[in-house]
Amino acid sequence: MAEPVELAPDYYLSNFHALVEFVVTRYDALLSDEERSFHQCFCALDTDSQKLYVRLLSRKGVPSTAGALFRQSKLAYQEIHNLPQAAETLATAGLFLRNPAVDLTEILPLFTKNELFASSAEPLPKTLKRPALEQALLEQDHDSVRAQLTLDEPLLAVQAAAHFETFKLLFFGNLNQDLTDYVLRDLGLFRYENYPLEQSQLPFKSRAQVERHLHYYACVAQLEQVLSEDAQAITTLAAQLPENTEGDTTLQRRLDRLRLALARQLERLQALEAANTLYQQCQRPPARERRARIAASQGDTVAALTICAQILGQPENEQEREFAASFGHRTAKKTPHCDTWPAPKRYRAPTHTVTLAQTDERVEVRAAHYLADTAAGNQCFYVENTLINGVLGLAIWDIVFAPIPGAFFNPFQVAPSDFRSADFYPQRRAAFTQRLEELQETGLDKWVWHHFHKKRGIANPLVHWDGLSEPLLELALSQIPTEHWLALFRRLLDDIAHHRSGFPDLILFPAGGGYELVEIKGPGDRLQQNQQRWLAYFAQHRIPHQVLHVEWNAL
């Protein structure tokens with residue numbers, strides 16, 4: 001067992017400095033005067049003050065119009081030697097606001113029920129629930145209640161948090177991550193690839209681009225509330241979204257995702273025209289699918305079929321193509337004088353059924369034991385999505401982490417930023433084509449074993465290390481023909497976001513040689529669409545496969 005890692009008491013301050021200095025070094029030209037002043041002001045503080053500021057900046061606090069609120073008397077950090085002096089220094093520097101003039105409603109959540117009862121100018125029933133207690137205090141003189149609560153009790157409001165949001169955006173490329181990533185690395189829980197972070201290849205190129213991303217996240221912050229309101233609130237938020245004037249693919253993906261969420265809720269509210277308008281502004285699936293469904297629901301089958309035909313002419317992915325073929329056929333059947341839309345073909349995989357004694361094991365593990373025991377020398381592994389994805393990840397490791405402009409924001413990325421997008425393959429097409437040609441000529445062993453030994457334990461979006469043992473890899477590389485590997489890789493790379501799931505549960509290596517992919521279905525379980533697509537693809541490329549239904553012996 002690895003020795004536990006003990007972090008330094010001020011680890012968070014070191015990590016804060018590392019993040020901020022990374023941004024200042026690479027993005028100084030994109031920072032505002034206020035953000036540069038914030039950096040300079042922070043660096044000029046004594047160590048205790050820096051620690052206290054970062055501590056509170058990283059905590060939620062009680063939201064208020066003056067910033068996140070804290071009670072100074074409730075703050076205690078062993079590594080901060082003189083906390084009151086640090087708070088005073090931060091207040092003088094403008095990074096804390098002491099006893100801000102905020103509404104009483106913003107102060108009350110800071111205090112316990114007993115403290116609230118004690119602040120009342122008149123006796124209140126002790127049976128009052130907190131909401132009723134707060135309401136009773138709000139009906140009294142606010143200044144009196146505030147004075148009683150804050151007597152010898154400084155309140156602190158953290159300032160300049162918005163500046164740090166900009167630093168986080170420039171570092172992480174989003175506002176979903178935080179300094180925890182440093183901690184995960186320092187604790188040894190994650191190891192990241194050492195990809196280059198050249199300034200010329202960093203994603204943000206202009207201040208206007210930064211502002212658009214910040215604007216987007218300001219809209220996201222309103223999403224949950226807006227989705228619970230009416231159609232007018234949704235369309236108002238949609239109208240506030242930033243324009244993507246610089247062709248920023250990352251921002252476009254985010255805007256599409258947000259518009260899809262807003263449009264889908266408009267559908268649920270039966271605001272179909274507004275939903276359709278939003279879908280027309282989206283460049284990604286399932287926008288066209290939803291438009292076709294809206295048209296059909298409104299009785300405009302011609303428009304629905306036109307959209308389906310457009311999808312079939314240039315589908316974004318297999319799911320969209322399948323939808324258009326199936327929905328178009330069903331819609332055409334309901335449309336007079338429209339009998340030219342063929343029924344989509346469905347592939348039926350070889351299927352067998354076996355009855356087994358039920359145990360505490362998962363059905364997949366039970367089936368693997370059964371298949372291994374059907375003949376001496378058989379070997380069967382429960383691999384699901386780990387084996388084929390993992391071998392691809394090892395074979396193309398260096399290409400995944402190649403320094404593509406805009407792919408890497410910071411040192412803590414498991415994958416390039418476009419990994420799950422339609423841009424991933426086109427951005428690296430030449431490198432992938434060359435690698436697949438090389439694998440065709442020389443086989444997989446060179447690249448797979450090179451990266452398996454050199455990169456062991458480093459995070460990769462395709463490689464699940466616990467699922468890739470050397471014995472399994474040796475069997476897979478020796479028993480699966482190269483042309484089968486390449487066929488699997490080509491489909492994976494075509495749409496890696498969707499195709500890296502749906503693989504069969506098991507791989508069987510019969511004693512006599514070869515292999516077979518086996519999808520296990522327990523009682524009541526059915527094939528999912530992504531599984532059906534893989535099975536159909538296996539048939540097209542003569543990749544051995546079957547579906548094994550497991551029934552439990554009633555005895």
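Checked for salt-bridge contact, Glu243 and Arg212 miss the test: no charged N lies under 4.0 Å from a carboxylate O. Salt bridge annotation for Glu153-Arg146: absent, with no cationic side-chain nitrogen under 4.0 angstrom from a carboxylate oxygen. For the pair Arg284 and Asp423, the salt-bridge criterion is met [side-chain N within less than 4.0 Å of a carboxylate O]. Using a 4.0 Å cut-off between charged side-chain N and carboxylate O, Arg435 and Asp398 make a salt bridge. Contact check on Glu88 versus Arg98 returns a salt bridge, with a Lys/Arg side-chain nitrogen under 4.0 Å from an Asp/Glu carboxylate oxygen. With respect to Asp28 and Arg36, a salt bridge is recorded, a charged nitrogen being found less than 4.0 Å from a carboxylate O. Residues Asp46 and Lys51 are not paired through a salt bridge, judged by the lack of any N-O separation under 4.0 Å between the basic side chain and the carboxylate. Checked for salt-bridge contact, Glu318 and Arg491 meet the test: a charged N lies under 4.0 Å from a carboxylate O. Under a 4.0 Å N-O distance rule, the pair Glu115/Arg71 qualifies as a salt bridge.
In this structure the side chain of Phe204 reaches within 4.5 angstrom of the side chain of Leu169, judged on heavy atoms. The side-chain heavy atoms of Tyr279 and Leu260, taken from C-beta on, include a pair separated by under 4.5 Å. Side-chain atoms of His17 and Phe42, non-hydrogen and from C-beta on, do get closer than 4.5 Å to each other. Taking 4.5 Å as the limit, some side-chain heavy atom of Trp397 sits within range of a side-chain heavy atom of Glu193. Counting heavy atoms from C-beta outward, Thr89 and Phe96 have side chains that stay 4.5 Å or more apart. A 4.5 Å side-chain heavy-atom check between Phe164 and Glu35 finds every atom pair outside the cut-off. With a 4.5 Å cut-off on side-chain heavy atoms, Gln177 and Lys168 do not count as touching. Considering only heavy atoms from C-beta on, Leu108 comes within 4.5 Å of Leu116 through its side chain.
The nearest pair of heavy atoms linking Phe167 to Leu31 is CZ-CD1, 4.1 Å. Considering every non-hydrogen atom in both Gln159 and Ala66, the closest pair reads NE2-O, 2.6 Å. Of all heavy-atom pairs between Asn15 and Leu179, the closest is O-CD2, 3.8 Å. In terms of heavy atoms, Pro63 sits closest to Gly61 at CD-O, 3.6 Å. The two residues Leu439 and Ala395 have their closest heavy-atom pair at CD1-CB, 4.3 Å.
Asn385 and Ser501 share no donor-acceptor pair across their side chains, judged by distance under 3.5 Å alone. Between the side chains of Glu438 and Gln434, no donor N or O sits under 3.5 Å from an acceptor N or O. For the 3.5 Å distance criterion, the side chains of Arg268 and Gln265 qualify, holding a donor opposite an acceptor. When only modelled atom types and interatomic distance are considered, Tyr216 and Glu211 share no side-chain donor-acceptor pair under 3.5 Å. With hydrogens and angles left out, the side-chain atoms of Arg362 and Tyr382 include a donor and acceptor closer than 3.5 Å. Side-chain contact, Glu79 with Tyr12: a donor N or O sits under 3.5 Å from an acceptor N or O. Side chains of Gln240 and Thr236: no donor on one and acceptor on the other come within 3.5 Å. Inspection of the Gln283 and Asp256 side chains reveals no N or O donor paired with an N or O acceptor under 3.5 Å.
To the nearest 0.5 Å, atom CD1 of residue Ile458 and atom NE2 of residue His451 are 10.0 Å apart. Rounding to the nearest 0.5 angstrom, the gap separating the CG atom in Asp48 from the NE2 atom in His81 is 5.5 Å. A distance of 12.5 Å separates CZ of Phe424 from CG of Asp494, quoted to the nearest 0.5 Å. Separating the CG atom in Leu19 from the CG atom in Asn410 is a distance of 8.0 Å, to the nearest 0.5 Å. Rounding to the nearest 0.5 angstrom, the gap separating the OH atom in Tyr217 from the CG atom in Leu223 is 13.0 Å. Atom OH of Tyr537 is separated from atom CG of Leu488 by 7.0 Å, given to the nearest 0.5 angstrom.
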**Study point:** salt bridge (charged side-chain N to carboxylate O under 4.0 Å, His left out) assessment of Arg293 paired with Glu267
**Key:** CA-CA 10 Å; Arg293 290 185 183 277; Glu267 277 194 82; over 6 Å; no
Exercise for review: Evaluate the criterion salt bridge (charged side-chain N to carboxylate O under 4.0 Å, His left out) for residue pair Arg500 and Asp495; output intermediate values, then yes/no.
Suggested key: CA-CA 8 Å; Arg500 62 187 181 135; Asp495 186 357; over 6 Å; no
Practice item. Please step through side chain to side chain donor-acceptor pair (under 3.5 Å) for the pair His39 and Glu21, ending with a clear verdict. Key: CA-CA 9 Å; His39 172 242; Glu21 294 307 321; 2.9 Å; yes
Point to revise | Working for salt bridge (charged side-chain N to carboxylate O under 4.0 Å, His left out), residues Glu134 and Lys113 | key: CA-CA 9 Å; Glu134 291 189 4; Lys113 281 185 66 176; over 6 Å; no
Practice item. Would you sort out whether Leu97 and Leu156 count as a side-chain contact (heavy atoms from CB on, under 4.5 Å), showing the intermediate values? Key: CA-CA 6 Å; Leu97 191 59; Leu156 304 173; over 6 Å; no
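The backbone N or O of Arg456 lies less than 3.5 Å from a partner atom in the side chain of Arg191, making a donor-acceptor pair. In terms of modelled atom types and a separation under 3.5 Å, the side chain of Asn244 and the main chain of Leu251 share no donor-acceptor contact. Counting only distance, with no hydrogens or angles, the side chain of Gln440 and the backbone of Leu436 share no donor-acceptor pair below 3.5 Å.
The aromatic rings of Phe401 and Phe408 lie parallel to each other, with less than 30° between the two planes, well short of the 60° mark. The aromatic rings of Phe16 and Phe38 sit perpendicular to each other, their planes meeting at more than 60°, with 30° as the lower class boundary.
Exactly one residue among Leu472, Asp466, Leu473 makes a side chain to side chain contact (heavy atoms under 4.5 Å, CB included) with Ser469. That residue is Leu472.
Taking the six-membered ring for Trp and the full ring otherwise, the centers of Tyr425 and Phe432 sit less than 6.0 Å from each other. For Phe412 and Phe172, the ring centers are positioned 6.0 Å apart or more.
Stacking of Arg26 on the aromatic ring of Phe22 is recorded, both the 6.0 Å distance cut-off and the 45° axial limit being met.
Remark: Asn194 CG is loosely packed, at most 12 non-hydrogen atoms of other residues, nucleotides or ligands lying under 6.0 Å away. Within a 6.0 Å radius of CD in Gln529, no more than 12 heavy atoms belonging to other residues, nucleotides or ligands are found.
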